[in-house]
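Worth knowing before you read on, the calculation uses all heavy atoms, side chains too, and leaves out hydrogens, waters and symmetry mates. Values in this document were obtained by computation on a predicted structure and should not be read as measured data.
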Number of protein chains: 2
Amino acid sequence: MTVTDSEPVPEQQDASRLRVVLGMVGDKWSLLVVCNLKEGPRRFSELKRTVDGISQRMLTVTVRNLERDGILTRTIHNVMPPHVSYALTPMGSTLCEATLPLLEWSAEHLALIDDARAEYDTRADTPPAGSVGNQLEI
Amino acid sequence: MTVTDSEPVPEQQDASRLRVVLGMVGDKWSLLVVCNLKEGPRRFSELKRTVDGISQRMLTVTVRNLERDGILTRTIHNVMPPHVSYALTPMGSTLCEATLPLLEWSAEHLALIDDARAEYDTRADTPPAGSVGNQLEI
DNA sequence: CGGTATCCAACTGGATACTG
DNA sequence: CAGTATCCAGTTGGATACCG
């Protein structure tokens, strides 16, 4: 009854899903942490060492969000000295697999992207009188 | 000769690639724009209408970056009134395909994510004396 | 060891007004 | 129509210091 009218068109469903994924892993660190757990559980300090450049604060925030989303589990080991380990859930593993094509794409296109940027910047740097700054079509 | 020492380990390669992809499409709008070009070229105003909630400024910024990265082309049609159309490059199309698994993953796990969040928030809201706030393991 | 708390700089992105 | 320019609020994230 709270449904107002027609069901959303496919494009809007895509958009909604994209927003969910990006909200989860679209930030600077989440996917890097997830990828570092691919091989197995890691402790907080291991992650901090492995995920290059991450601050303690951002690692804490990132793993908290991923735990909340059900991507990884946080386990406290009551030993001396105490430590905490993080591991992917099954859902986290499938997420990891789902990002693999994107990783491959990146590997294949890294050079082409650099080329495209260089070419674009060249065109942008020199916009003299007779030059063709943009594709034209009449 | 400029190479200092050993080749980077696979994990670091992954990380570097992830940073590239995230830098390109990890923002709020890029993937939404790309997905809206999947079916074919679109004009600026069409994109603005279709990509729900995007401001004129952000659409301009987003398509400029995607053009620079070689993901889409910008074509100016010299008619009255003048208009501009955007289309995916072959590289843009392959990027789009590479994100499909992530889209499917999102579709399959949306409900589970909501459940995980709800459960996490419930545990967080009520951390009374005898409760088990976190997984423990000795 | 694995956090939390606080502060602050930089960036993101929305609103609005103006332009060719 | 398709921008550009400006301003500004909100968020992200780094540095630092302290805590159980």
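Contact check for D52(A) versus Q12(B): no side-chain heavy atoms found under the 4.5 Å cut-off. Residues R43(A) and V84(A) form no side-chain contact, since every pair of their non-hydrogen atoms from C-beta on lies 4.5 Å or further apart. Using a 4.5 Å cut-off on side-chain heavy atoms (C-beta onward), L32(A) and R19(B) make contact. Contact of the L110(B) side chain with the R17(A) side chain is registered, since non-hydrogen atoms from C-beta on lie closer than 4.5 Å.
Side-chain proximity of W29(B) to dG3(C), dG13(D), dG14(C): nearest is dG14(C). Side-chain proximity of M58(B) to the nucleotides dG14(D), dG14(C), dA2(D) is greatest for dG14(C). Nearest to the side chain of R74(B), among dT4(C), dA2(D), dG14(C), sits dA2(D). Set against dG2(C), dG14(D), dC1(D), the side chain of K28(A) has dG14(D) as its closest nucleotide.
With DNA chain D read from its 5' end, the first of the two nearest nucleotides for E46(B) and D27(A) is the one closest to E46(B).
Atoms CG (D52(B)) and C1' (dG14(C)) sit 15 Å apart, rounded to a whole Å. The distance between atom CD1 of I76(B) and atom P of dG3(D), rounded to the nearest whole Å, is 8 Å. For F44(B) and dG20(C), the CZ to C1' distance is 15 Å, given to the nearest whole Å. Rounded to whole angstrom, the span from the CG atom of L59(B) across to the P atom of dT12(C) amounts to 17 Å. Here the P atom of nucleotide dC1(C) and the CG atom of L47(A) are 14 Å apart, to the nearest Å. Between the P atom of dT12(D) and the CG atom of L22(B) lies a distance of 15 Å, rounded to the nearest Å. Atom-to-atom, NE2 of H77(A) to P of dG20(D) comes out at 23 Å; the value is rounded to the nearest Å. Between N78(A) atom CG and dG2(C) atom P the separation is 13 Å, expressed in whole Å.
For T60(A) and dG3(C), the shortest distance from a side-chain N or O to OP1 or OP2 is not below 4.0 Å.
When heavy atoms are screened at a 4.0 angstrom cut-off, K48(A) is found touching no nucleic acid atom at all. Counting non-hydrogen atoms under 4.0 angstrom, R57(A) reaches a base of the nucleic acid.
The minimum heavy-atom distance between H77(A) and S85(A), with the atom names listed, is NE2-OG, 2.9 Å.
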